[in-house]
Amino acid sequence: MECGSYRLIKKSSQCKARLGQVYTSRGVIDTPVFMPVGTQGTVKGVATEYLVSSGAQIILANSYHLYLRPGTDIIKKAGGIQKFNSWDKPMLTDSGGFQIFSLNDIRKLTEEGAKFQSHIDGSTHFFSPEKSMQIQKDIGADIIMCFDECTPYPAQYKYAKDSMELSLRWAKRCKDEFYKDDSFETQALFGIIQGSIYEDLRKQSAREMVAMGFTGYAIGGVSVGEPKEEKEKVIDIVEPLLPQDKARYLMGVGMPEDLWEGVERGIDMFDCVIPTRNGRNGQVFTSLGKLNIRNAEFREDFSPLDPGCNCPTCKGYSKAYLNHLVRAQESLYLSLLSLHNIYFMINLMLKIRKSLENDTFLETKKEFFSKYYNSREKS
RNA sequence: GGGGGUGUGGCAGAGUGGUCUAAUGCACCAGACUGUAAAUCUGGCGGGCUUGCCCUUCGGUGGUUCAAAUCCAUCCGCCCCCA
């Protein structure tokens with residue numbers, strides 16, 4: 001079976017949601033799936049063994065960050081990223097395209113590629129589509145991404161069009177570079193659709209990417225500040241143009257509510273920094289809504305974060321204790337909160353997959369939302 | 001007993017006649033975070049409302065002055081040095 005190939009198991013009778021699997025040489029991924037982000041080759045604050053016990057099936061790493069530090073030579077010597085960080089399940093690397101967006105002030109874009117100034121020491125580095133492919137081959141993840149420009153929001157039509165077309169030309173170069181050797185036997189290359197919030201641009205991008213032919217397709221350039229409705233509109237525009245027999249990946253998404261909306265619209269894969277970053281900042285996701293564990297109301301609350309949660313944090317520690325750890329700036333809270341949030345997202349996807357098996361997606365979604373949005377206000 | 005110093009918002013600590021409800025940090029109270037330059041960032045932090053203004057604040061009291069956290073007197077507290 002081709003690495004990165006998608007198998008549709010069951011389609012919802014209620015909406016576009018799909019239950020399926022993505023094949024990789026390091027294992028099969030049940031979809032819809034949430035992929036925790038481990039930019040520097042580590043899901044911040046979460047040891048690999050806990051990541052495994054959370055049920056995470058695949059995690060991300062980032063080309064730009066690992067290229068700068070420790071350097072791809074070291075990762076190669078280690079035997080690839082999975083040997084390096086002891087994660088032997090599937091992995092996906094982002095191309096550095098998002099850094100073109102986030103490092104806006106210290107990068108310069110040309111047709112050839114992107115010149116970055118290292119955020120670590122200021123040194124200059126150049127990423128081209130070809131270079132990004134080489135780096136991602138060296139890192140050795142199972143799924144790798146095309147080098148693109150993650151178009152900022154808001155973007156003028158002209159900018160969005162030029163940016164999307166540049167990403168198309170880069171995608172062609174990525175594909176050419178990727179298939180130069182036999183990497184495709186163990187790695188899959190996914191294309192990324194851009195076009196900001198403009199219907200014709202999104203359609204053009206989707207059509208041309210599909211015509212070019214990739215193992216899977218990602219929707220990029222979302223969750224960059226646009227309203228929720230715009231994001232959902234973009235999925236609705238792009239999804240019908242994507243082949244049913246390929247995985248669809250919504251990049252950088254998201255919040256629990258976004259995962260439901262994405263799955264409902266036919267998305268199979270999601271990644272987001274939110275469970276870890278927000279965890280480090282005290283925000284916790286629970287079946288009864290979000291809460292900030294730092295807040296005074298939890299000082300004497302000796303119950304777990306989420307009554308129904310099976311994570312080590314909820315099994316072992318109370319809100320009052322976690323509140324204390326945060327106030328005392330004890331580093332343990334970084335791990336405990338990140339871990340809980342990872343479990344929450346993974347369990348959420350499990351619940352979603354189960355509802356698809358039973359073909360009760362919409363009812364389950366409704367039930368989730370009614371608890372998630374109403375419970376905390378009532379109490 | 002002699003000499004010197006000091007007292008400012010929850011804490012530390014600036015300010016030494018008007019531009020002072022009083023810098024800054026901490027603490028505290030909230031909010032944000034979406035392919036990670038993030039254990040970060042933002043806002044609030046005496047009271048009232050008609051949100052611009054009014055009232056109350058710099059150990060206590062009493063003065064000087066158009067004007068006092070700032071000057072004077074006095075009282076109270078604390079600290080240091082010498083006996």
Side-chain angles (χ1 to χ4, degrees), chain A residues 34-46 58-66 68-69 92-107 116-122 132 136 141 143-153 167 190-194 216-228 230-231 249-259 261-262 267 269-285 290-299 323 325-338 341 345:
Chain A
F34 178 82
M35 310 183 282
V37 178
T39 305
Q40 313 232 43
T42 169
V43 176
K44 288 182 197 280
V46 183
I58 169 171
I59 62 172
L60 298 213
N62 186 280
S63 305
Y64 166 83
H65 291 270
L66 293 178
L68 289 183
R69 187 167 55 194
L92 181 153
T93 42
D94 188 30
S95 61
F98 185 74
Q99 278 62 47
I100 295 180
F101 162 80
S102 66
L103 304 179
N104 187 260
D105 299 334
I106 51 173
R107 128 254 123 150
F116 293 101
Q117 250 183 295
S118 161
H119 67 282
I120 301 166
D121 63 7
S132 175
Q136 293 188 80
I143 299 173
I144 74 172
M145 301 304 297
C146 280
F147 188 60
D148 68 336
E149 181 192 7
C150 177
T151 309
Y153 178 88
S167 289
F190 279 26
I192 303 173
I193 288 148
Q194 291 290 344
Y217 296 94
I219 299 174
V222 290
S223 289
V224 285
E226 79 285 356
K228 187 169 145 58
E230 291 287 1
K231 173 166 41 207
Y249 164 25
L250 186 64
M251 303 186 81
V253 173
M255 298 291 281
E257 56 271 31
D258 296 330
L259 301 180
E261 300 299 344
I267 300 297
M269 303 166 72
F270 302 85
D271 79 280
C272 197
V273 304
I274 269 187
T276 45
R277 179 189 291 171
N278 290 27
R280 291 195 304 282
N281 295 333
Q283 188 173 81
V284 171
F285 295 93
K290 291 185 296 190
L291 56 87
N292 195 314
I293 195 61
R294 194 179 53 206
N295 290 1
E297 61 176 306
F298 303 115
R299 283 189 108 131
N323 175 280
L325 290 182
V326 172
R327 285 171 190 272
Q329 289 291 299
E330 276 298 334
S331 59
L332 180 59
Y333 82 87
L334 300 166
S335 296
L336 293 179
L337 298 182
S338 299
N341 283 345
M345 298 294 176

Sugar-phosphate only, base, or nothing, as touched by [X] at under 4.0 Å among non-hydrogen atoms:
{"X": "A:D148", "answer": "base"}
{"X": "A:I106", "answer": "base"}
{"X": "A:L103", "answer": "base"}
{"X": "A:R294", "answer": "base"}
{"X": "A:E330", "answer": "nothing"}
{"X": "A:N295", "answer": "sugar-phosphate"}
{"X": "A:Q40", "answer": "nothing"}
{"X": "A:G221", "answer": "base"}
{"X": "A:N281", "answer": "base"}
{"X": "A:F270", "answer": "nothing"}
{"X": "A:S118", "answer": "nothing"}

If I pick the [atom1] atom on [M] and the same atom on [N], what distance separates them, to the nearest angstrom?
{"N": "B:G13", "M": "B:C26", "atom1": "P", "value": "16 Å"}
{"N": "B:A14", "M": "B:U6", "atom1": "C1'", "value": "16 Å"}
{"N": "B:C11", "M": "B:C55", "atom1": "P", "value": "27 Å"}
{"N": "B:C75", "M": "B:C80", "atom1": "C1'", "value": "22 Å"}
{"N": "B:U70", "M": "B:U57", "atom1": "C1'", "value": "15 Å"}
{"N": "B:C41", "M": "B:U34", "atom1": "C1'", "value": "16 Å"}
{"N": "B:G63", "M": "B:C28", "atom1": "C1'", "value": "39 Å"}
{"N": "B:G17", "M": "B:C71", "atom1": "C1'", "value": "8 Å"}

Report yes or no: does [X] contribute a side-chain atom to a donor-acceptor pair with the main-chain N or O of [Y] at less than 3.5 Å?
{"X": "A:N62", "Y": "A:Y64", "value": "yes"}
{"X": "A:D271", "Y": "A:M35", "value": "no"}
{"X": "A:R294", "Y": "A:R327", "value": "no"}
{"X": "A:S63", "Y": "A:D94", "value": "yes"}
{"X": "A:N341", "Y": "A:P275", "value": "yes"}
{"X": "A:S338", "Y": "A:S335", "value": "no"}

List the atom of A:I193, the atom of A:Y217, and the distance in Å for their closest heavy-atom pair. CD1-CB, 4.3 Å
Can you see which heavy atom on A:Q136 is nearest to which on A:I144, and at what distance? OE1-CB, 3.2 Å
With both distances under 3.5 Å as the test, what is the Watson-Crick or G-U wobble partner of [N]?
{"N": "B:U24", "value": "B:A12"}
{"N": "B:G31", "value": "B:C41"}
{"N": "B:G17", "value": "none"}
{"N": "B:C71", "value": "B:G63"}
{"N": "B:G7", "value": "B:C76"}

Distance from A:H119 atom NE2 to A:Q99 atom CD, nearest 0.5 Å? 8.5 Å
Contact span of RNA chain B against chain A, any nucleotide atom under 4.0 Å from a heavy atom, 5' to 3', runs B:C28 to B:U40
Sorted by position of nearest nucleotide on RNA chain B, 5' first, the leading residue of A:R299 and A:S102 is A:R299
When you match A:R280 and A:L92 each to their closest nucleotide on RNA chain B, which lands nearer the 5' end? A:L92
